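Residue numbers start from 1 in every chain, and the chains themselves are labelled A, B, ... in the order their sequence lines are given, proteins ahead of strands. What you see below is based on every heavy atom in this structure, not just the backbone, and it leaves out hydrogens, waters and symmetry mates. Everything quoted here is computed from the prediction, not taken from an experiment.
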Amino acid sequence: MPELPEVEIAARNLRRWAKGRRVGEVEIDPRARRIFRPATPEAFAAGLAGHRVARVDRHGKQLLLTLDGPGGRLGLLSHLGMTGKWLRRGPGEEEPSHSRVRLRLDSGAVLHYRDPRLFGRLRLVPGARFDEVPELEALGPDPLRDGVDAAALAGELARSRRPIKVALLDQSLLAGVGNIYASEALFRARVDPRRPARDLSPAEVRRLAKALVEAMEESLARQEGPEIRYVEEPGAENPFLVYGKAGEPCPRCRRAAVVRAVQAQRSTFYCPRCQR
DNA sequence: ACCCGTGTTCGCTG
DNA sequence: TCAGCGAACACGGG
């Protein structure tokens with residue numbers, strides 16, 4: 001399940017697979033209607049077919065493909081939700097399970113959008129830039145592309161009583177931070193996830209900003225490759241410091257066990273001894 | 001059977 | 001007016 005680093009890998013893969021290619025036939029699983037709401041699968045397929053992929057961009061967890069066609073330029077906005085993934089299959093290769101959308105390319109390959117839980121979204125937008133898509137205006141800066149301005153982040157956090165872990169998931173503060181990297185960054189910055197956001201000192205926010213970027217860059221370096229394997233999938237190791245490590249010794253102090261707590265209906269992992 | 005899940009949106013409340 | 005909260009969405013895996 002994708003957070004910013006996984007979506008960045010998806011963007012790089014799509015660039016390799018689809019940039020410069022023309023989309024031919026578009027096939028959609030009839031069960032996948034909700035992915036296209038409020039539009040219909042029929043309108044999506046008709047609007048996309050015949051266009052050529054000019055570029056692939058990412059902002060936070062949002063992917064934006066820019067395509068050119070006879071009717072002009074259009075954007076394909078893709079959010080992977082919890083279980084979405086773009087895959088490429090060559091001619092004759094077996095298609096993935098839960099393939100919801102198939103885009104036949106003029107390279108002979110087929111792009112599959114796989115999404116078992118149907119929490120992802122695919123939408124055609126008239127604008128072809130992120131700043132022309134109204135729904136994306138609310139997104140905060142992208143930590144990898146824009147960096148994290150600790151002073152600006154501290155200013156935002158100062159207005160919130162929410163626990164810092166919950167505030168970090170707010171996409172209007174920073175775009176792309178999800179449940180894993182919120183826990184990982186707070187551990188690296190030695191900040192207790194339960195503390196009210198407004199109570200963090202400037203030094204703590206600076207540590208947090210640095211920790212977020214480092215956690216994401218390490219993950220990106222680790223995942224570079226032809227096809228992403230999400231961490232919870234069979235055969236994948238858990239590469240994180242505290243996420244999913246409840247009961248195991250803290251990798252820093254070794255003297256306390258990692259604790260799992262629930263905040264805003266999501267799991268949080270932390271070391272009660274290191275994180276203050 | 002039951003619980004859990006790397007995300008977002010909507011409606012309610014104070 | 002709005003921050004904050006909980007339910008809902010939907011399906012597979014342990």
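- Nucleotide dG7(B) holds its P atom 13 Å from the CD atom of Q265(A), rounded to whole Å.
- Close to dG4(C), at under 4.0 Å from its OP1 or OP2, lies a side-chain N or O of S160(A).
- Interface residues of residues 168-179 of chain A facing DNA chain B, ordered by number: Q171(A), G178(A), N179(A); criterion, heavy-atom separation under 4.0 Å.
- Closest to the side chain of P116(A), out of dA10(C), dG7(B), dG12(C), is dG12(C).
- For S267(A) and Y243(A), the side-chain atoms include no donor-acceptor pair closer than 3.5 Å.
- Taking atom CZ on R198(A) and atom P on dG4(C), their separation rounds to 8 Å, with Å as the unit.
- Per the geometry, CZ belonging to R34(A) stands 14 Å off P belonging to dT8(B), to the nearest Å.
- Side chain of Q263(A) to backbone of P193(A): a donor-acceptor contact under 3.5 angstrom is found.
- Nucleotides dA10(C) and dG11(B) place their P atoms 16 Å apart, quoted to the nearest Å.
- Within 4.0 Å of Y243(A), counting heavy atoms only, lie sugar-phosphate atoms of the nucleic acid but no base atom.
- Distance, L157(A) CG to dA3(C) C1': 15 Å, rounded to whole Å.
- A 4.5 Å side-chain heavy-atom check between Y270(A) and R194(A) finds at least one atom pair inside the cut-off.
- Between R159(A) and A264(A), the residue anchored closer to the 5' end of DNA chain C is R159(A), taking for each the nucleotide with the nearest heavy atom.
- Phosphate proximity of dC11(C) to R31(A): present, with a side-chain N or O under 4.0 Å from OP1 or OP2.
- Remark: the backbone N or O of K245(A) is not paired with any side-chain donor or acceptor of E248(A) at under 3.5 angstrom.
- Between H98(A) and dG12(C) there is a side-chain polar atom (N or O) within less than 4.0 angstrom of OP1 or OP2.
- Residue R260(A) has its side chain nearest to dG5(B) when only dC11(C), dC9(C), dG5(B) are considered.
- Applying the side chain to side chain contact (heavy atoms under 4.5 Å, CB included) test between L74(A) and each of T66(A), L67(A), V125(A) identifies L67(A) as the sole match.
- Side-chain nitrogen and oxygen atoms of H79(A) include none within less than 4.0 Å of the OP1 or OP2 phosphate oxygen of dG7(B).
- Lacking a ring centre under 5.5 Å from that of the base six-membered ring together with a plane angle below 30°, F119(A) does not count as stacked on dT8(B).
- Comparing atom distances between the M82(A) side chain and each of dG12(C), dG5(B), dA7(C) picks out dG5(B) as nearest.
- In this entry the distance linking NZ of K85(A) with P of dC11(C) reads 19 Å, nearest Å.
- For the OP1/OP2 pair of dG7(B) and a distance below 4.0 Å, the side-chain nitrogens and oxygens of R266(A) include at least one atom meeting the criterion.
- Rounding to whole angstrom units, CZ of residue R37(A) and P of dT8(B) are separated by 15 Å.
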Per-nucleotide pairing state of DNA chain B [Watson-Crick or G-U, under 3.5 Å; [ ] pseudoknot-crossing; | other strand]: .||||.||||||||

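- Looking only at atom types and distance, the side chain of W17(A) has no donor-acceptor partner in the side chain of S107(A) under 3.5 Å away.
- The distance between atom CZ of R162(A) and atom P of dG6(C), rounded to the nearest whole Å, is 14 Å.
- Counting distance only, with no hydrogens placed and no angle test, the side-chain atoms of R117(A) and the base atoms of dG7(B) include no donor-acceptor pair under 3.5 Å.
- Within the nucleic acid shown, R161(A) comes within 4.0 Å of sugar-phosphate atoms alone, with no base atom in reach, counting heavy atoms only.
- Just one residue in the list R102(A), R100(A), R89(A), R114(A) forms a salt bridge (Lys or Arg N to Asp or Glu O under 4.0 Å) with E95(A), and that residue is R102(A).
- A donor-acceptor pair under 3.5 Å is formed between the side chain of E3(A) and the backbone N or O of I180(A).
- A salt bridge does not link R222(A) to E217(A): none of the charged side-chain nitrogens sits closer than 4.0 Å to a carboxylate oxygen.
- Rounded to whole Å, the distance from CD on E3(A) to P on dG5(B) is 14 Å.
- Remark: D68(A) engages R73(A) in a salt bridge, criterion side-chain N to carboxylate O under 4.0 Å.
- A donor-acceptor pair under 3.5 Å is absent between the side-chain atoms of D57(A) and the main chain of L65(A), judged by distance alone.
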